[in-house]
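The structure under discussion appears below in the form of structure tokens.
Small disclaimer: the values here were computed from a predicted structure and weren't measured. Note: hydrogens, waters and symmetry copies are ignored here, and every other heavy atom, side chains too, is used.
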Amino acid sequence: MNKDLDWSLRPATTADVEPVAELRAEVMRADLERLGRYDDHRVRQRLRDGFSPQHTSIVLVGREFAGSVAVRPAEQGGRWLEHFYLRPRHQGRGLGSAVLRHVLAEADSAGEPVRLDVLQGSAARRLYERHGFEPEHEDAVDAFLVRPVPAVTVDPAVERLRDAAVLWSAGELTALEVVDAACDALVAGLDGEAVTALAACPNGEASALVPDLLPPALAEYGLLCHPPGGMLGKQTVLRVLAARMLAGEYGPQDLARRVHERFGHDFEPAEALALLDDSYDTLGYHGLTREQLDEDVRAEARRLAGARCGA
């Protein structure tokens, strides 16, 4: 097996900014020099100025720093992919495609398009186009690409199993509830071998067995088990909580409280709901009624859940 396929992602920390800045300077130098835009200081400082640990993951091969990738909410909706760099010794060996497939699978699971920009003439553009990115617009320096959400229909039973997995990974559901979701999936017509094994997990052993049984059960249907501590995992938990509120499982104030308690004010995509939770606590001081706050929460939940919420 290609050694580069033995890779993983870990959440970035503030200590990663300088290694990523150095890698950016190394990787981008040839293209920037070709365009007459290379500046030894600026190429590093632009990374430092825009570095966001909460949106960045470090690519590891074994335990070795091999690269970085960042995914943040895009202003025009969906996700923005940036700072995707691999050390030269790990390029051309399948690692870039593997990381990109992971990022795109996360976006597809959330039903969101992915956008990025790439320098004109960069060989990286061919990688992105092979994975479904299309030109949106271009200028003399950059090409702006988008990968639309694939037009696929997801079986409702698969969605329910996926959402149960997301909430279990975030501590919102027990392992036994995941087993129950797998049983429901079998009743609904799913019959994969791994899902069947998950559904057959004895109640008393669910906590011990679900961590090993769940990933292959999800993989049977092209789904990922989201690490809850990473940015993409957090976004997925947020989307599922919003969708469940819209489905009537709990009320608007409860959603705002759950999100506030889980994410506080430190996770940008959840900030609007955290602020609305504060507003519930100060009713009578800001002129808004409970009904108005409820509707604001529903509107934010619809935005987070997107078309998948059915509302």
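- In this structure, D117 does not pair ionically with R125, as no charged nitrogen and carboxylate oxygen lie closer than 4.0 Å.
- At least one donor-acceptor pair under 3.5 Å links the side chain of Y250 to the backbone N or O of L241.
- When atom types are taken as modelled, the side chain of T289 and the backbone of Q292 share a donor-acceptor pair closer than 3.5 angstrom.
- F263 places a side-chain heavy atom less than 4.5 Å from the side chain of V237.
- The residues R262 and E172 are annotated as salt-bridged, a charged nitrogen and a carboxylate oxygen being separated by less than 4.0 angstrom.
- The minimum heavy-atom distance between A270 and V259, with the atom names listed, is CB-CG1, 3.6 Å.
- Within 6.0 Å of the CZ atom in R257, the count of heavy atoms belonging to other residues, nucleotides or ligands exceeds 12.
- By the ring pair (Phe, Tyr, Trp, His ring centres under 6.0 Å) test, H265 pairs with H260, sequence neighbours left out.
- Electrostatic pairing of R126 and E129 does not count as a salt bridge here, judged by no charged N lying under 4.0 Å from a carboxylate O.
- Here the closest non-hydrogen pair linking V179 and A206 is CG2-CB, 4.1 Å.
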Step by step, work out the side-chain contact (heavy atoms from CB on, under 4.5 Å) result for T56 and V69.
CA-CA 6 Å; T56 304; V69 61; over 6 Å; no
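- Using a 4.5 Å heavy-atom cutoff, the side chains of Y280 and D294 are in contact.
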Could you go step by step and tell me if D16 and R10 meet the salt bridge (Lys or Arg N to Asp or Glu O under 4.0 Å) rule?
CA-CA 11 Å; D16 291 309; R10 67 161 174 82; 2.9 Å; yes
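- R24 contributes atom CZ, which lies 11.0 Å from atom CZ of R48 (distance to the nearest 0.5 angstrom).
- With no hydrogens or angles considered, a side-chain donor-acceptor pair links Y38 and D40 at under 3.5 Å.
- The distance from the CG atom of L119 to the CZ atom of R34 is 7.0 Å, given to the nearest 0.5 Å.
- Here the side chain of E220 pairs a donor or acceptor atom with the backbone of A194 at under 3.5 angstrom.
- Here the closest non-hydrogen pair linking H90 and A66 is CD2-CB, 3.5 Å.
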Starting from the C-alpha separation in whole Å, work towards a yes-or-no answer on salt bridge (Lys or Arg N to Asp or Glu O under 4.0 Å) for R89 and E64.
CA-CA 12 Å; R89 65 188 298 258; E64 178 191 353; 2.6 Å; yes
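- Using a 4.5 Å heavy-atom threshold, the side chains of L104 and F133 count as touching.
- Annotation: side chain of L47 is in contact with side chain of V20 (closest heavy-atom distance under 4.5 Å).
- Residues M245 and L167 share a hydrophobic cluster, clusters being chains of Ile/Leu/Val/Met/Phe/Trp/Tyr side chains in contact below 4.5 Å.
- Between the CG atom in D277 and the CG atom in L255 there is a gap of 9.5 Å [rounded to 0.5 Å].
- Side chain of Y221 to backbone of L190: no donor-acceptor contact under 3.5 angstrom is found.
- Within the 4.5 Å cutoff, side-chain heavy atoms of L81 are placed close to those of L100.
- Salt bridge E295/R302: present, at least one basic N to carboxylate O contact under 4.0 Å.
- A side-chain donor-acceptor contact under 3.5 Å links T174 and E177.
- Under the side-chain hydrogen bond (donor to acceptor under 3.5 Å, both in side chains) criterion, E268 pairs with no residue, sequence neighbours left out.
- Counting heavy-atom neighbours within 6.0 Å of E193 CD, excluding the residue itself, gives a total of 12 or less.
- Side-chain contact, Q253 with R290: a donor N or O sits under 3.5 Å from an acceptor N or O.
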Begin from the C-alpha positions of R72 and S52 and carry the test side-chain contact (heavy atoms from CB on, under 4.5 Å) through to its verdict.
CA-CA 9 Å; R72 60 175 172 80; S52 173; over 6 Å; no
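- Of the possible polar contacts, one joining the S68 side chain to the H83 backbone as a donor-acceptor pair under 3.5 Å is found.
- Summarising the geometry, atom NZ belonging to K234 is positioned 6.0 Å from atom CZ belonging to F267; distances are rounded to the nearest 0.5 Å.
- Under the 3.5 Å distance criterion, the side-chain polar atoms of T196 are matched with a main-chain donor or acceptor of G192.
- Judged by distance alone, the side chain of R87 and the main-chain N or O of F65 form a donor-acceptor pair under 3.5 Å.
- For Q76, the CD atom is densely surrounded, since the number of other residues' heavy atoms within 6.0 Å is greater than 12.
- Side-chain contact, R42 with Q45: no donor N or O sits under 3.5 Å from an acceptor N or O.
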Decide side-chain contact (heavy atoms from CB on, under 4.5 Å) for R29 and V43; before the verdict, give the C-alpha distance in whole Å, the side-chain angles of both, and the deciding distance to 0.1 Å.
CA-CA 8 Å; R29 180 164 189 154; V43 70; over 6 Å; no
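- Residues V297 and A256 approach most closely at CG2-CB, 4.4 Å, considering heavy atoms.
- Here the closest non-hydrogen pair linking A199 and L186 is CB-CD1, 3.4 Å.
- The backbone N or O of D139 sits less than 3.5 Å from a side-chain atom of Q120, completing a donor-acceptor pair.
- In this structure, CG in L116 is found 14.0 Å from CZ in R79, a value given to the nearest 0.5 Å.
- Looking at Y85 and M28, their side chains come closer than 4.5 Å, going by heavy atoms from C-beta outward.
- Not a single donor-acceptor pair under 3.5 Å links the side chain of H102 to the backbone N or O of A98.
- Closest heavy-atom contact between L304 and A242: CB-CB, 4.0 Å.
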Yes or no on side-chain contact (heavy atoms from CB on, under 4.5 Å) for V210 and L213, after CA distance, side-chain angles and deciding distance?
CA-CA 5 Å; V210 163; L213 294 175; 5.7 Å; no
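- Of the possible polar contacts, none joining the D254 side chain to the G251 backbone as a donor-acceptor pair under 3.5 Å is found.
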Take E159 and R244 through the salt bridge (Lys or Arg N to Asp or Glu O under 4.0 Å) test and state the conclusion after the steps.
CA-CA 12 Å; E159 284 200 324; R244 288 198 160 200; over 6 Å; no
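- One finds the CD atom of E134 at 10.0 Å from the CZ atom of R147 (value rounded to the nearest 0.5 Å).
- Note: F144 and W80 have tilted aromatic rings, judged against thresholds of 30 and 60 degrees for the angle between ring planes.
- Counting heavy atoms from C-beta outward, L95 and V59 have side chains that approach closer than 4.5 Å.
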